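Since the structure comes first, as structure tokens, the remarks are kept for the end.
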Amino acid sequence: MGMGKTNGVSKHEIPSDIPAEAHPLSEEPSKIASNINYHAQFSPHFSPLKFEPEQAFYATAESARDRLIKQWNETYLHFHKSDPKQTYYLSMEYLQGRALTNAIGNLNIQDAYADALNKLGHQLEEIVEQEKDAALGNGGLGRLASCFLDSMATLNLPAWGYGLRYRYGLFKQRITKDGQTELPEDWLEKFSPWEIVRHDVVFPVRFFGHVQINPDGSREWVDGEVIQALAYDVPIPGYKTKNTISLRLWEAKACAEDFNLFQFNDGQYESSLQLHSSAQQICAVLYPGDTTENGKLLRLKQQFFLCSASLQDIIFRFKQRKDGNIPRQWSEFPSKVAVQLNDTHPTLAIPELMRLLMDNEGLGWDEAWDVTTRAIAYTNHTVLPEALEKWSQSVMWKLLPRHMEIITEIDKRFVEIVCSTRPDLEDKINSMSILDNNPQKPVVRMANLCVVSSHTVNGVAQLHSDILKADLFANYVSIWPTKFQNKTNGITPRRWLRFCNPELSNIITKWLRTDEWVTNLDLLVNLRKFADNEDLQSEWASAKMAKKQRLAKYILDVTGVSIDPNSLFDIQIKRIHEYKRQLLNILGAVYRYKKLKEMSPEDRAKTTPRTIMIGGKAFATYTNAIRIVKLVNDVGAVVNTDPEVNSYLKVVFVPNYNVSVAEVLIPGSELSQHISTAGMEASGTSNMKFSLNGCLIIGTLDGANVEIREEIGADNFFLFGATADEVPKLRKDRENGLFKPDPRFEEAKQFIRSGAFGTYDYNPLLESLESNTGYGRGDYFLVGHDFPSYMDAQAKVDEAYKDKKKWLKMSILSTAGSGKFSSDRTISQYAKEIWNIEACPVPFKRG
Ligand SMILES: *Cc1c(COP(=O)(O)O)cnc(C)c1O
């Protein structure tokens, strides 16, 4: 029965001297142990007597949740009484990862929990590994939303996150010799201990139907299908503060009245449950395939569902807080509510707020427009044309007829005012309008709707914001010069250093003689003066080695490949995308392998041994991304089993990249690759995580790389490649046949074509790097152009790594220069410069 005894303590059974007693707020290990036991017995989710690591995890999480619930209630009661302006962050994605370490770490009771679990015969490190990642996001944008929530709570800001409760988050990636396969990621298979359903928070959300004109001339959206949005709240504790805020996730459901009992008894089971099934589809998966019309409709439904439920909730709260019996004035709304749209996915919040204000609350157009535009702000995350959302007008009229009326009116008024006041923009108006009425394919341009209707538009790194102003939104800038801002992204130093890398954290705290850097990351600059100190360097080196060994063990466990912790650990982990150029990385690895093969054993022994790790998920329908995953695996299969070379080079594909995997890889990294075609990565945030953990970057002048390099110093950054302003001309040259490929580039491609890595047909993939023929896009991402400078930069990396002292100094300076990239800094700027909100800390009561 798995009840083996160690040292007299039954390992998987609760010791009899620990009573099952609720001590929800005790910080004493023995009482925490009792509280965990209490949850194991009285909030049972499993058969009695079992206390394996899995059961221990759920009971431990529930015990930590007790404390969070208390803080949470106090926080929102305090907000209610203080009635500050609040921010509502709307995002289709949150990439939360695991919550247990973060919860007890932010509550500052990690040691007590470790002790308590010891008493129960378990190890905290093993228990936290039981938790499944909440993977309700896809990549950087979702992780950014999660880092922002952590900072909003830590800074005591009155704020909420709103999202959807996807039953299956983003897919789970399995790697076989054939490359990637996708499986459903079932984070709710058992249940999540962190979410609390609010049965009293339910709002109806309508789809389809039509607009009815009432006798008084007002318009009303009626009929169609109505689905209920039910709130699930996830607590977000701040670091060492009482403030605990909420991530409110909506679930779609039908109610009992929607169940047609007649039809059911008549044997028509499917139609009797039609609305239930329609509701289930809405929250089934993040980013359902959108190649079919049905898929597109479902995505639009998801977006509207998030917007409508969230805004009804926001308005309900706004009305609830009134001065005695005096109802709120609608003109006050923008001084109580700030809504932030995370990219264009929640754009429908704009027409939905207009509709709720006009059709439900009786406001006129001008008043509703004034309220809406003073409440809503928009963050742009990409300039890639294929990622700028455009919805078919006919699908929109079908699903959201009232909203299309409103959007049409917004567009009409915008066009009129531009035409009457700015004749110089007349020839631009077609590209600036919200509706693209091209008869072939009439669409609504969501980014344009956002820019026209938001009081502030921001980019996510300086270079990106500059490009938005100079390029994508240039015409709007001439109308509203002050609407556009930059907010360089950030990451939370709690998850991305303090908790995932306690070894390095302890060294930093020791040398800075304070742990205040955890909430004031700028203090890291004080490490600079010790960068040459041999004691610090040697402590730094052992912390890195400990994390490399842990990473090596992880890689062995999940891939079976044994890697050498003395080799240089070189990592690229991010979504697989041609613009992120994993292909450049793997072509570099192929070239390196070929040269190693050609060397004499003596020369080979002089090279810097490297382990190249690449990880990331590829969208199932993105063929070239899927091929890149396969190529990395094929190269690894050959290189890693080649006895001549494999002590100098290993190539590993790390499967199923997610937040928890990142937390193992980043602390163990020495070099990381952020090598996108310049101008294409809006910011990047993993670059910040790596650099904070003392990892050096090889990268292009793109996104936040530019600012990271500024902060840590050009000498500590391996730079290569074309700059953003050179890219358009290079693409033109390429089209005109002016590009002369470097022989090394040709050699690497030829080696793959020769079949050195198996018989899979890589020609279609390699063709994408060739001229504008066949499958090719004329190497749109400029891999060929940047290859030689990339290889030169890699040679500099090899040289630098040979000088251990120099490398350590650069590593220390990377961490020391990362202070700017705390999401606390980013969120403080949003709070001050966009939301106009202030901290609202829950007071600590003494005694
Ligand atoms: C930080 C993070 C990202 C973003 O990575 P980029 O390299 O900036 O694209 C994506 N996925 C996960 C799991 C992350 O933690």
Side-chain angles (χ1 to χ4, degrees), residues 91 93-99 101-102 132-151 169-173 185 187 286-287 342-343 381-382 384 387 460-461 463-464 488-497 499-501 570-582 584-585 613-619 625 628 654-669 671-677 680-693 695 697-700 702-708 818 821-823 826:
S91 178
E93 299 186 31
Y94 291 88
L95 209 47
Q96 290 281 95
R98 290 175 176 149
T101 301
N102 190 68
K132 290 194 180 189
D133 273 42
L136 308 181
N138 156 60
L141 172 144
R143 184 52 233 175
L144 183 77
S146 294
C147 281
F148 279 6
L149 293 179
D150 184 83
S151 286
L170 191 67
F171 67 89
K172 183 157 41 189
Q173 179 189 54
E185 174 70 85
W187 72 296
L286 168 67
Y287 299 139
N342 194 24
D343 214 334
H381 285 271
T382 181
L384 301 191
V460 291
L463 175 67
H464 168 62
T488 299
N489 282 167
I491 54 165
T492 167
R494 273 72 67 184
R495 182 178 294 268
W496 296 113
L497 179 54
F499 302 144
C500 74
N501 199 347
D570 166 352
I571 301 183
Q572 186 182 23
I573 40 176
K574 44 185 84 239
R575 290 301 302 244
I576 310 290
H577 202 295
E578 284 166 290
Y579 86 79
K580 291 178 183 276
R581 298 200 295 191
Q582 284 90 356
L584 176 58
N585 185 350
M613 292 168 249
I614 299 177
K617 294 176 183 175
F619 250 120
I628 290 170
V654 188
N656 200 40
Y657 176 51
N658 63 20
V659 171
S660 294
V661 174
E663 286 167 9
V664 178
L665 268 78
I666 292 169
S669 61
L671 179 76
S672 75
Q673 306 210 21
H674 305 275
I675 57 177
S676 49
T677 314
M680 302 196 79
E681 186 76 271
S683 163
T685 48
S686 81
N687 43 6
M688 303 168 183
K689 301 167 195 166
F690 281 105
S691 155
L692 181 61
N693 281 273
C695 172
I697 290 177
I698 180 168
T700 46
D702 200 15
N705 283 358
V706 177
E707 289 157 81
I708 293 175
S818 295
F821 305 103
S822 168
S823 47
T826 315

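Start at 1 and go down the list; that is how both ligands and their atoms are numbered. Values in this document were obtained by computation on a predicted structure and should not be read as measured data.
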### Summary
Closest to atom 4 (C) of ligand 1 among protein heavy atoms sits Gly140 CA, 3.5 Å
### Task
List the atom of Tyr657, the atom of Ile573, and the distance in Å for their closest heavy-atom pair.
CE1-CD1, 3.6 Å
### Task
Measure the shortest side-chain to side-chain distance between Glu663 and Trp496 over non-hydrogen atoms and say whether it is less than 4.5 angstrom.
yes
### Task
Enumerate the atoms of ligand 1 whose separation from the nearest heavy atom of Gly684 is less than 4.0 angstrom.
8 (O)
### Task
Please confirm whether the backbone N or O of Gly616 pairs with a side-chain atom of Gln173, one donor and one acceptor, at under 3.5 Å?
yes
### Query
So which protein heavy atom does atom 9 (O) of ligand 1 come closest to, and at what separation?
Lys580 NZ, 2.8 Å
### Residue portion contacting ligand 1 (non-hydrogen atoms closer than 4.0 Å) for Phe690
neither
### Task
Measure the distance from atom 6 (P) of ligand 1 to every protein heavy atom, then report the residue, atom name and distance (to 0.1 Å) of the closest one.
Ser686 OG, 3.6 Å
### Task
Say whether, by atom type as modelled, one donor and one acceptor occur between the side chain of Thr826 and the main chain of Thr488 under 3.5 angstrom.
yes
### Query
Distance-only, no hydrogens or angles: does the Ser676 side chain make a donor-acceptor pair with backbone N or O of Tyr579 under 3.5 Å?
no
### Message
Could you tell me if Asn489 and Thr685 have a donor-acceptor pair between their side chains, going purely by distance under 3.5 Å?
### Response
no
### Task
Among all protein heavy atoms, pick out the one at the shortest distance from atom 8 (O) of ligand 1; state its residue, atom name and that distance to 0.1 Å.
Thr685 N, 2.7 Å
### Task
Using a strict cut-off of 4.0 Å, indicate which atoms of ligand 1 neighbour a heavy atom of Asn658.
13 (C)
#### Entry: Asp150 bridged to Arg495 by N-O distance under 4.0 Å
no
### Message
Please compare Lys689, Glu663, Lys617 and report which has the shortest non-hydrogen distance to atom 15 (O) of ligand 1.
### Response
Lys689
### Query
Quick one: which ligand 1 atoms are inside 4.0 Å of a heavy atom on Gly139?
10 (C)
### Query
Quick one: which ligand 1 atoms are inside 4.0 Å of a heavy atom on Trp496?
15 (O)
### Query
Which protein heavy atom lies closest to atom 12 (C) of ligand 1, and at what distance to 0.1 Å?
Tyr657 OH, 3.4 Å
## Note on the structure
Exactly one of Arg581, Gln572, Lys574 clears side-chain hydrogen bond (donor to acceptor under 3.5 Å, both in side chains) with His674, and that residue is Lys574
